[in-house]
Amino acid sequence: MATYRIGVLRGDGIGPEIVEATVAIIAAAAEHAGTTAFDFVSLPMGWEAIEKHGEPIPDVTKEALLKCHGWIMGPHDSSSYPAEHREKRNPSGELRHHFDLYANIRPSKTMAGIKSVVGEADLVIFRENTEGFYPDRNMYAGLGEYMINPDIAIVNGVFTRKAAERIAHAAFRMAMQRRRKVTIVHKANVIRLGYGLFLDTCREVGKQYPEVTVEDYHIDAMAAHLVRRARDFDVIVTTNMFGDILSDLAGELVGSLGLAPSINTNDQQAMAQAAHGSAPDIAGRNIANPVGELLSTVMLLDWLAERHEDRELYQVARLAENAMTVTMQEGICTADLGGTASTTEFTEAIIQRIRQSP
Ligand code: ATP
Ligand code: MG
């Protein structure tokens, strides 16, 4: 039986609750399918790691992650960390930069039974994950941002051909499996060199995919187009900061940010990570919605299934995803979606559906 070793980073706030729910659901799906086994390896991240190892992402965690097929990451509450840790990279930034996880892939798809502001939509945002206005603080130490006097801050962005090329290839490859349309989002009319290089490079890469239709929009116009006609977009490729903002917008437009999934990948490794944060306001109350984390993990399983050409793993992902959808359609959901189920009741209901599946 195919066995996958999955690194589990529970994180802060609601992280442990939603990650544990996700692991329980995925484990139940694997057990029910009887074709796949998961070896979940719990690794310290965030407050737990600061207390045990003095670092939010200690070396033991990084070394252990290298031995895993994929990782599930919970959210972190880095603004609450002691000052010495707040000044460094936050856990997501640390992992994205350390492992060069250059592509942040964030789908936004309307779900039956979930109210959408924009009618039906099914799009995927490819966000460049390593540079732009969030460059690697170690690589560009002192260059990213600094004060030239107490009243003036200078912030630099880093835009490289290499980074644009690889995110563009990832986006065009995905477009070939979907509706064959790529929208490049930038602001090359104002930041001519940086966004100009990004736009030109994406267009150049696009020539290698002649079946794919290419268009481009400025970020401001794109925000408006997304609200007005989300259904027209298929694959969107954009820079780090624009992708950050646009994917939260897209997530909320099709339902709720609490449902929005993502994976971070560099082709060899992939990390599931819900789009939302650690929600400290509701932590420890057993009311958090685990769907964003679960759908991210379903994306991770699909990514692994494709990489290992494992049809059975793909079926395990469908089992978990369908059980979740049916459960929500039956009206069982957490308080953020207007339901009354606790995190554990919702999780149990999904596991029940998995066990009743044919
Ligand atoms: P971060 O900077 O870590 O991304 P944020 O300021 O974007 O944090 P979130 O932690 O995402 O904030 O929370 C925003 C709001 O959404 C909060 O009121 C929180 O309780 C709610 N929220 C976020 N995730 C969930 C979830 N999974 N289930 C229920 N409510 C959530
Ligand atoms: Mg946030």
Side-chain angles (χ1 to χ4, degrees), residues 8-26 45-50 56-57 72-82 85-96 104 106-108 111 114-115 117 125 127 129 133-134 240-264 271-299 320 324 327-328 332-350:
V8 178
L9 309 163
R10 293 155 27 110
D12 307 318
I14 59 170
E17 295 162 73
I18 61 174
V19 170
E20 270 159 32
T22 297
V23 166
I25 292 165
I26 298 296
M45 182 272 278
W47 267 113
E48 181 193 358
I50 293 174
I57 300 276
I72 304 173
M73 185 187 198
H76 48 76
D77 185 13
S78 26
S79 58
S80 72
Y81 296 169
H85 299 299
R86 281 203 308 272
E87 280 154 24
K88 293 186 219 151
R89 296 195 289 219
N90 70 42
S92 317
E94 178 64 25
L95 290 174
R96 288 171 186 174
N104 189 214
R106 294 182 164 201
S108 290
M111 278 188 229
I114 301 292
K115 205 163 161 273
V117 192
I125 296 177
R127 163 187 171 190
N129 217 12
F133 287 103
Y134 312 157
N240 205 344
M241 187 167 63
F242 292 164
D244 190 11
I245 300 166
L246 214 51
S247 56
D248 272 23
L249 174 64
E252 198 60 41
L253 285 177
V254 301
S256 156
L257 190 49
L259 306 175
S262 84
I263 58 169
N264 302 271
M271 174 169 86
Q273 182 183 26
H276 60 75
S278 64
D281 52 332
I282 58 163
R285 290 170 49 197
N286 195 23
I287 58 170
N289 188 348
V291 168
E293 195 70 41
L294 176 62
L295 286 179
S296 304
T297 304
V298 165
M299 281 181 80
M324 182 214 76
T327 304
M328 294 212 302
I332 302 172
C333 58
T334 46
D336 54 308
L337 297 179
T340 54
S342 67
T343 311
T344 42
E345 283 163 356
F346 180 58
T347 305
E348 262 319 301
I350 296 173

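For ligands, and for the atoms within them, numbers begin at 1 and follow the listed sequence.
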Check: Just checking, is any N or O donor in the side chain of Tyr81 or Asn90 under 3.5 Å from an acceptor N or O on the other one?
Finding: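 Their side chains do not contain a donor-acceptor pair, so the 3.5 Å distance test is not met.
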
Notebook entry, point to check: Do Ser278 and Asp12 meet the criterion of a side-chain donor-acceptor pair at a distance under 3.5 Å?
Noted result: no

Note to self: Just to be sure I read this right, does ligand 1 sit under 4.0 Å from the backbone of Ile14, its side chain, both, or neither, counting only heavy atoms?
What the structure shows: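 Looking at Ile14 and ligand 1, just side chain atoms fall under 4.0 Å.
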
Which atoms of ligand 1 have any heavy atom of [X] under 4.0 Å away?
| X | result |
| --- | --- |
| Gly277 | 1 (P), 3 (O), 4 (O), 8 (O), 9 (P), 10 (O), 11 (O) |
| Ala279 | 10 (O), 19 (C), 20 (O), 22 (N), 23 (C) |
| Ser278 | 3 (O), 10 (O) |

Student check: side-chain heavy atoms of [X] and [Y] closer than 4.5 Å:
| X | Y | answer |
| --- | --- | --- |
| Ser92 | Gln273 | yes |
| Arg89 | Ser78 | no |
| Arg127 | Asn240 | yes |

Item checked: Short N or O distance, Asn289 and ligand 1, threshold 3.5 Å exclusive -> yes

Check: Polar-atom distance check: Gly258 versus ligand 1, any N or O pair below 3.5 Å?
Finding: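 No: no nitrogen or oxygen of Gly258 is under 3.5 Å from one in ligand 1.
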
